Amino acid sequence: MAQYIEDVHDVARLIPPGRVTNYGAIADFLTLGSARMAGWAMNKAHGDETIPAHRVVNRKGELSGRNHFATPTLMQERLEAEGVEVVDNKIVNFDELFWSPTELLK
DNA sequence: ACCGTGACGTGTC
DNA sequence: TGACACGCCACGG
């Protein structure tokens, strides 16, 4: 497995429960050069239950990866189980719930 | 080696 | 605001 994919997965595991981040923030933190790399790496996490992939969304707070879960509703269910409100596949108060991996450096 | 594709993001109109 | 084009880069056919 490519190293950068493991790095993306590790960052995903560091996201605090009830908080969310986006692909661009992870890509920037790991200097992947493109947010698509973060998305591609998360695609590789499909089936790995140790990775909280539901806490990673796109920059608008939309659940763009929900179709890659076991069921299209699983991502929303996981978020709601952590107290994150989701309406029409979008996270409510995304700006306040947003978390960046750069927070780790503080 | 070329081309289309994608869990993305930014700039323009 | 919202739709659209384009840049981005690894991967599979």
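All chains are named by letter (A, B, ...) in the order of the sequence lines, taking the proteins before the strands, and each is independently numbered beginning at 1. Note that the structure is a prediction, hence the values are computed from the model and not measured.
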Exercise. Compare the minimum distances between each of B/dG9, B/dA7, B/dG6 and the side chain of A/W40, then state the nucleotide with the smallest one.
Key: B/dG6

Quiz prompt | Listed nucleotide nearest any side-chain atom of A/N22, set B/dG6, B/dG9, B/dA7 | solution = B/dG9

Quiz item: What residues, two or more places apart in sequence or in another chain, satisfy ring-ring contact (aromatic ring centres under 6.0 Å, His included) together with A/F94?
Solution: A/F98

Quiz item: Once you round it to whole Å, what is the distance between P of B/dA7 and CZ of A/R78?
Solution: 19 Å

Self-check item: Sugar-phosphate only, base, or nothing, as touched by A/Y4 at under 4.0 Å among non-hydrogen atoms
Solution: sugar-phosphate

Practice problem: Find which nucleotide of DNA chain C each of A/S34 and A/I5 is nearest to by heavy atoms, and output the residue with the more 5' nucleotide. | Solution: A/S34

Quiz item: Rounding to a whole Å, what distance do you find between A/M37:CE and B/dG6:P?
Solution: 14 Å

Quiz item: With distance as the sole test, does A/H9 use its side chain to make a donor-acceptor pair with the main-chain N or O of A/A41 at under 3.5 Å?
Solution: yes

Quiz item: Atom CG of A/N67 and atom C1' of B/dG6: how far apart are they, to the nearest Å?
Solution: 13 Å

Quiz item: Are the side chain of A/N58 and the backbone N or O of A/G61 linked by a donor-acceptor pair below 3.5 Å?
Solution: yes

Quiz item: For DNA chain C, which nucleotides open and close the run of contacts to chain A, 5' to 3', at under 4.0 angstrom from a non-hydrogen atom?
Solution: C/dG7 to C/dC11

Exercise. Name all residues meeting the side chain to side chain donor-acceptor pair (under 3.5 Å) criterion together with A/D48; count only those two or more places apart in sequence or in a different chain, and write none if there are none.
Key: A/T50

Quiz item: Touch check for A/A2, heavy atoms < 4.0 angstrom, all strands: base, sugar-phosphate only, or nothing?
Solution: nothing

Quiz item: Is any side-chain nitrogen or oxygen of A/R59 closer than 4.0 Å to OP1 or OP2 of B/dT10?
Solution: yes

Self-check item: Separation of atom CG in A/N89 from atom P in B/dA7, rounded to whole Å
Solution: 14 Å

Quiz item: Heavy atoms, side chains only, cut-off 4.5 Å: are A/Y23 and A/S64 in contact?
Solution: yes

Quiz prompt | Candidates B/dG9, B/dA7, B/dG6 - which lies nearest the side chain of A/M42 | solution = B/dA7

Exercise. Scan A/N58 against the nucleic acid and name what it touches under 4.0 Å (heavy atoms): base, sugar-phosphate only, or nothing.
Key: sugar-phosphate

Self-check item: Positive for side chain to side chain donor-acceptor pair (under 3.5 Å) with A/H54, one of A/R66, A/E82, A/Q76
Solution: A/E82

Quiz item: If you count the non-hydrogen atoms of other residues, nucleotides and ligands that lie under 6.0 Å from CD in A/E85, is the total more than 12?
Solution: no

